[in-house]
Each structure stands twice: as structure tokens, then as C-alpha cells.
Amino acid sequence: MADEAVAEHPAEPAAPKAKDARSPEAPPRGGARGDGKAKDAPDAPGSSDASDAEAAEREKERERVADRFKDRTRDPLAEEQGEEEPTDAAAATRARRSGQKLLASGRDLVSFDRSDVSQVHINNISVGLDALRSGLPMRDGPVPEEELLRIRRTHIEPKGYVRLRRALRARRLLVLGGAPGTGRASTALALLEEVTRDGEGGQNSERVRRAGPEQGVRGLATQVMGGEGGHPRGTGYLLEPALDRPGTLPPDGMDLDQLASALAEQGSYAVVVVSVGSAANPLLAGRYGAICPPAPTRELVAVRLRKRLEEEHGDPARGGGGGSARDGDGDGGGGLDGHGGRDEGRTPDADQDGDRTRDGGPDEAGSLSRLLERAAELREDPEVTEAVGLDDLRPAEAELFASLLAGHLLGSVDRAELLSGCRGLAAVQAYEWFAGVDRALAAPPPGDGRAPVRSGTAALFHPVAFRIALAVLGGASHSAVSAAAHLLTWELSVQSDPDSTPARPLFCDDPESDLALSRARPADGPVDVAGAEVTGRLIFYRGAALPAAVLAELWDRHFPVRAPVVRWLRLLADDPRPQVSMRAAVAAGELSVRDFEHGYAELVRPLAEAPTPRRRVFAATALDQAAGHASHRRAVRKVVEDWSRHGTPALRWTAAMALGYGRSADSMDDTLDALARIGVRDDGEQLAVASLNVVRLLTLPECATVLRRLADWTGHRGEEYQDLALVSIVRLALTDVDEVLDDEPGTPLGGRGDWPLLLALAATRPELTGKLADLFWTALNTARSRDVALDALETLLRSASRKDGRAWTREGLAALLPALTAEEHEQRRLKWLLRRMTRDQDRPLTEERARALWRLAVPARQRRSEEEESHG
């Protein structure tokens, strides 16, 4: 009998056969052989000639085998969380995909020498960017008249400029806050130039002056009141106090009132420029404070580009000077709207009609007009936009970008040089953020000869730590990035001064300052919490190029910072939130690519041997990220192969997780060979993690190859290979798509993220339906896997429609069930299972839904013939 054949050979389920090749002596599809029937199966036979004792012993052995098989189908990632608590695999997959997207701009291996971009020469035009660097001291002295003239001609009023001008005129003093490089000093100079031109010092050629930062607000007040170094009435002063040095206290309200009173007595004006942050926030919140809005990028580039082109084809007097002037905080030349200066009396049409050229001839006018048209097209070129990688440009960046565009249009810069120069913008910004940050720790407070004060390390390092955290965790919630930044601040402070315990400020965070100082933007988006998505406040860099540029600058130029960053990444690897740990793993992989020896020794290998699955997943993800680079793929594959063959159990486990991404072996067959090698070793000790990663491979284009190998394993002589196949098949039915899919949600599988992967494949890959049905049939007809497979089939059936009655996986069931229940005894089993589901006391299936599922499985023609036969 067929039933007797099922019980004869418990070790070997036979490979599925085509229907026309079925043997009458064995069950259909090749006669899967197992170690006994499920105790609740409808067709379970009893052995009439076996003694009761032998039958009881066989039943106990069958239950032991079934329980051992069931253990192997449990989630291997849940070892540290308990058997019943699920791991949030879907959230981990989404976090990894998000992290990869932010670091996939193609510039992670761009090594840009800062010396090549700090002073760019295009024809006879020199564009200096070193002034962007933070910490450059502002020189005490008058602002040259030529610079004031340039500001009058080129500065474009940012939004709110009129309000700032009115406030300065009314109070004589303005505290102007903004991030370095955003044009705040240029705006301050434009304000002072305008108000002093119409004031008492209008005829004074030195009516606008820069004040040295060391004198501070009190020193400036003394100077204004006619003390030593006093200046004529109606003078405008620009002061940028050094508030970022440890031990330096910001001026208080009384200091500002004293300065404002002195300015009023002398008919003078002053603008105090400060960086947004905890030290300056009280100043900005007072009656003299205001935030300086940044200049809009498009208009800024238009002004700079027109100036460059006019220097070649237009009126030099209109084009202004050749180079960019630099102010104290590197804000470049300020303005931007393509409409010329405020008081030059020109209109947009007058600027664009081409009538005023160097020689006054129409040919050059037409040439300039054509160049401007080509420049507009080139500026919007997708490749150029991607190379720039910044959502908005600051004044000096716009100067360089315009120079690169003009050089390309004029033939002195080729396409490769243009794109390389554009990529350098983000590299320069990253350099400026990190260059000499901790020099202030070695400098004494201004104005005295005391020893350096190091108690401010946490406040000094926090902006830097926030930028690093944002590069690693961009796209995560603002709170997660901020918390990670504080952890890194602690590590940096301890590394900088190991003999002192750094202070940990508790109420100094200012989210708006973090955004401004890191060129970041907030956005509402989904956050995964305990398997559910809720809306949270996410944070991103304002530009796709910045995360990779920050990581490259950090790892390639600042070797002492590697130790605290490695310690910090290990802390993130233990974070239970996938949005943190998986993004950190992707970043660790990118850092390892930049120095594989260091990354492997300090991050990958130690975490790959860790006792907790979370750390081993971190190491596997970092390895796969490195394998995504052709330059490192061979090395990663060698590491994974060695671990799969000769590694410790922990290393083999990590290798299996890396193989599941599909890039850590030369081919899909090699990947499956390695997973089989891991899964069958040591009596299947790591069969669970091997089978999980076999299922992950089914989301890749080589899905058919994986199914073919699963079929081969079901017919293998070794029971451990059969178990690997059977566990993988059951896991395929129990795994949702979004737990294993790396593709975007818009793909065919991605659009079915909450579907069981088995049904999603049946619905989207009809050519695979027969193979899927044969494999699942094998699991249903093998004794040791039958119970778990029946439970999985019940789960699939319940997913046909949602609780509110809307269709869910009906399309997949409609494709799979007819192939799974082609024979009469298979239909009887389905009917028995549906009946059991309708009688379930906890979750009874309605008769209507049971009949709908039956109609999906059994063709209408066959149902009619059965009804006719039953009615005679």
C-alpha cells in the first residue's frame, strides 16, 4: 500500500516527479517517504499486525523526530529574545535598504585631495575656498571700498533682509545667527554698508570695519565710546566673537545694552555674527537677536555664472572683479538672484539682452546669450546634479560651481574635470567640518595667560559627533540620531582627555541648531516600532553626497578618531532598534572598504565571533556591503568561504547570514553549496540559519536555481540534506516578503510585502508555480515535516482575505492550490483541514470563507462532476 510505503523509509523523502511519471506503488509525485503519519492527519493508518507496545514506541519516536524538526523551523535570530518574541526582520531589511540608498551615490571611493579644490584655477580666475574653514580668525581693520562695491553689486537680499535692516537701524545693534558658510557675514557687511552709506559716516572711506574676535562685545563697546583705538562717528562694525573656545563665556544682556548705548551716542552700527548653538541661543533669543536666512541656490549660481561668462564675453565693469572676496567666516560673496545689485538701476532684461558686450558688437552679444542658454541646460544636467550631491549651495560653493560650469562652456575644463570638481564640493564641506576641531582645547581662553581649559570637550565635540551620527544613521528618527551623537560625544571626549571624566550636558540640545550646523533637514516618515509602523520625525542630510563624504573624510584623514568611532559602532551593533543597528552595519561596511585591513580586524571579525546573533548579523551585513564593491568582492568571498569550511560555529553562522545576501560567493550554485555545507555539519546544528538564508535567496532573480537545488536535496541520500530542504520549504511558507526582500516596494514582490513569500512567488512567477507546489507537497507528505507543513498550509489559507473581508493573497492561493491538490487524496486532506479550521474554538473559519477556499483549489468542472456522481 501507499500508506505502508510512507512508513517504511523514514529518512528519505523522494524527489517530486511529473504527473505522467508517477509510480502506482508509491504516493503521487514520487512518493515522499517519512517516519510516520501525523497523529491528526485524516488518512493516518494503523498497523493491524503490530503490537500495542511497538506502536506506542513508534509513535513516541515519530513525535521526537517531529519536535526536533519543528525546533529547526524556529527563527534563528530570536535566540537571545526568547522563543515566542518575534524578531523584526522586516524593519531590519527596510533599515538596511535605506542605509544603502544614502551611501550609494557612487562617491564613497572618491579620494579628493583637498589641496586640489581649496584653490581652483580656471583660466585667469582664482576661486578660494579656504575661507570656508571654520576657525579662521577675522582680521581687525577696515573693509576695503572695493569689497563694499562688490557687495553692493552682487549681494542678493535673502528673505527677511528688509526686516533685518529695519532692526539694525532702529536698535543700532544686531546679533545675527547662522551656520558658518551660509552667507551670514556677507549679509552683515551688506547691512552695514547700506546703513552707514546713508548715515553720518557716509563720506568716510573706512566706514565699515571688522573687529577682532578677541576683544569681544565689551572691548568693542570701549572702542566705540572713543577709548583707545576709537573711530569716527557713523562707523559700522562687524564682530564675530570666539564663543566656541572652552572657557569662553558669551556676552550677557547688559553687555549688549552697553554696546547699543555706545553705538547710539556715536551714530554708529554693529552686527555681531554668531553660530547657532547652545552658547549663542540666549543672544539670539534676546531683543537684538535674529536668524540670518540662507541665500537661495538657484539665484546664487545664476549670479556667479553670469559674472564668470561676462568676464569673457561681456562688459568687465559689469562683471565685477575676478576672484571671490573672503570674509571672516568664509561666506564668500553673498548674494544671488541674477538681477544685479540693488542700486545699479539694471533690470533682468537689461542684463540678458546682450547689447552691452566688451566690444559692443552683436556677435559677442549673441555668443553670450547662447552661452547663458547652454549654462542653464548644463546646470540642470542630471549627471551634473548627481555629482554635486547637495540640495543647496552656499556662496563660496556656488562660486566654485559657477566657475566649473563656465570653464566647461569655454573649453578649459573637460567633462571629467567638471564632474570631479562638482564631487569635490561635498568633500570640501566635510573637510571644513573636521579640520582642527580640537585645536581650541589646546588654546587658552582669550585675554589671559591661564592654562587651557578642557572642561568644554563635550560641547566642542557634540556638533562633530552629530554630523558623524547623521552620516551613519541618516533617515532614522531625530531622537535616535541625537542619542547616538551623545554616545559618540562621550567616546570622543574620553579619547581626547582620558584622565578626565567629561561633562555630559543634559539640557543643551537645540534641534534647530543641529540642523543648521549639519546641513540637515527634518521630514515626517515611518518608524518601525515593535513590528508596526508609526509616523516619526526623521532627519537627513541636505544632499546625497554628504554622508559618504563625511565617512571618507573621517576615515581617511583622521586616524586617531578611528578608535572611539569603532567603540561607538560596537555600541550601535547592540542597539535593539533595527533602524540603528542595520544602518550602522552598512556604514561599517563602507568604512571597511576604505581600509579593509582595519575594518576587518576591528569590526568585522570580532563581531562575527560574538555570542549574540545581533552582533553577528551586524558583521554579516558589513561584509555584504563591502562585497558590493568590485574592488573588495574577491576578498570578502575568500573570507566567507574560509569561514564556511573551517570557521568556528559562530563564524559559520555569520558566513551563512552573509551568503543570504547573494553577493558573497562566485555564483548561486556556489552560494547554495556553502549554505548546505554549513547546514548539514555537526548533525544540523546550524540548519536553521542555513535554511533561513536559502529562503532569502529566493527573492533574487536566480530563484529557479534555488528551487532546483531544493528539489535535489529532497532526493538526497543523506537525511541532513533532506532536512535542509524540508525546513527551507516550510520556512518559505512562513516568511513574509518584506522580511527578506531587498528590492524597493514598487517591484512585483515588493508590492506584496505582507504576503507569505511562497504565495507571492506563485502569484508573480507563474512559471515557478509547479515547482513550488511540488516542493510544498513533499513537505506535506513527509512524516517528520507533516505537522509543521500542515500548520503552515493553514496559515496560508487564513491569509486569503483580511479581517475586513478585503482580498489579500487570493491570487497566490488561486495559483498554488490547484497544483497542490491535483489528486483526490490531496483534496480530501484539504477538505479535512478546512473542516478543522471551521471547528477551531479560538479562530473559527466561517463556512463562507471555507467554501471560497475550496472553490479556489478544486476546478469548477471537477466540482460539478463530483456533485453529479454524488447525486447518482
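What you see below is based on every heavy atom in this structure, not just the backbone, and it leaves out hydrogens, waters and symmetry mates.
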Quick one: pull up [atom1] in [X] and [atom2] in [Y] and give me the separation to the nearest 0.5 Å.
X: L675; Y: Q686; atom1: CG; atom2: CD; result: 11.0 Å
X: L393; Y: L400; atom1: CG; atom2: CG; result: 9.5 Å
X: E702; Y: L672; atom1: CD; atom2: CG; result: 9.5 Å
X: L473; Y: L572; atom1: CG; atom2: CG; result: 6.0 Å

Check: [X] side chain, [Y] main-chain N or O, donor-acceptor pair, under 3.5 Å:
X: D75; Y: L77; answer: yes
X: T654; Y: A608; answer: yes
X: S518; Y: L515; answer: no
X: R752; Y: P748; answer: yes
X: T735; Y: L732; answer: no
X: N693; Y: A656; answer: yes
X: S496; Y: L492; answer: no
X: D595; Y: L591; answer: no
X: R542; Y: R521; answer: no
X: Y541; Y: R467; answer: yes

Could you tell me whether [X] and [Y] make a salt bridge, using a distance below 4.0 angstrom between a side-chain N and a carboxylate O?
X: R614; Y: D574; result: no
X: R308; Y: E399; result: yes
X: R677; Y: D673; result: no
X: E602; Y: R567; result: no
X: E685; Y: R681; result: no
X: R637; Y: D670; result: no
X: R519; Y: E397; result: yes
X: R633; Y: D624; result: no

Decide yes or no for [X] and [Y]: does some side-chain heavy atom of the first lie under 4.5 Å from some side-chain heavy atom of the second?
X: R605; Y: L651; result: yes
X: F434; Y: H558; result: yes
X: C422; Y: E417; result: no
X: F559; Y: L554; result: no
X: T671; Y: D666; result: no
X: V388; Y: T385; result: no
X: M657; Y: W653; result: yes
X: L551; Y: L103; result: yes

Work out which heavy atom in [X] is nearest to a heavy atom in [Y]; give both atom names and the distance.
X: I539; Y: V481; answer: CG2-CG2, 3.6 Å
X: P547; Y: G543; answer: CD-O, 3.6 Å
X: P395; Y: G181; answer: CD-O, 3.2 Å
X: L741; Y: L749; answer: CD2-C, 3.8 Å
X: F596; Y: L623; answer: CZ-CD2, 4.5 Å
X: L488; Y: P564; answer: CD1-O, 4.3 Å

R537 atom CZ, over 12 foreign heavy atoms within 6.0 Å: yes
Flag if over 12 foreign heavy atoms under 6.0 Å of CD, E597: no
R394-T182 side chain donor-acceptor pair, cut-off 3.5 Å: no
Donor + acceptor pair across side chains of E590, H629 (<3.5 Å): yes
Steps toward side chain to side chain contact (heavy atoms under 4.5 Å, CB included) verdict (R379, V301): CA-CA 9 Å; R379 189 174 59 185; V301 174; 3.6 Å; yes
Within 45° cone of F401 ring axis and under 6.0 Å: R304 NZ or CZ: no
Parallel, tilted or perpendicular: rings of F466 and H462 (30°, 60°): tilted
Parallel, tilted or perpendicular: rings of H598 and W555 (30°, 60°): perpendicular
Side chain to side chain contact (heavy atoms under 4.5 Å, CB included) between D736 and W755, worked out: CA-CA 5 Å; D736 287 347; W755 284 38; over 6 Å; no
Excluding sequence neighbours, so at least two apart, what forms side-chain hydrogen bond (donor to acceptor under 3.5 Å, both in side chains) with [X]?
X: S482; answer: D509
X: D414; answer: none
X: T699; answer: none

Evaluation steps, salt bridge (Lys or Arg N to Asp or Glu O under 4.0 Å), between E383 and R415: CA-CA 10 Å; E383 191 174 14; R415 180 81 175 184; 2.8 Å; yes
Side chain to side chain contact (heavy atoms under 4.5 Å, CB included) between L768 and C703, worked out: CA-CA 9 Å; L768 301 178; C703 177; 3.6 Å; yes
Can you give the donor-acceptor pairs under 3.5 Å from side chains of residues 575-589 to other protein atoms, not counting sequence neighbours?
{"unit_1": "D575", "atom_1": "OD1", "unit_2": "R577", "atom_2": "N", "d": "2.8"}
{"unit_1": "D575", "atom_1": "OD1", "unit_2": "R577", "atom_2": "NE", "d": "3.0"}
{"unit_1": "D575", "atom_1": "OD2", "unit_2": "R577", "atom_2": "NH2", "d": "2.9"}
{"unit_1": "Q579", "atom_1": "OE1", "unit_2": "S477", "atom_2": "N", "d": "3.1"}
{"unit_1": "S581", "atom_1": "OG", "unit_2": "R577", "atom_2": "O", "d": "3.4"}
{"unit_1": "R583", "atom_1": "NE", "unit_2": "G474", "atom_2": "O", "d": "3.2"}
{"unit_1": "R583", "atom_1": "NH1", "unit_2": "Q579", "atom_2": "O", "d": "3.1"}
{"unit_1": "R583", "atom_1": "NH2", "unit_2": "S98", "atom_2": "OG", "d": "3.0"}
{"unit_1": "R583", "atom_1": "NH2", "unit_2": "G475", "atom_2": "O", "d": "3.3"}

Residue list, salt bridge (Lys or Arg N to Asp or Glu O under 4.0 Å) with D669, at least two apart or on another chain: R708, R709
Counterpart residues, salt bridge (Lys or Arg N to Asp or Glu O under 4.0 Å), relative to D738 (two or more places apart): R94
Verdict with reasoning, W568 to V472, per side chain to side chain contact (heavy atoms under 4.5 Å, CB included): CA-CA 11 Å; W568 175 66; V472 171; 3.9 Å; yes
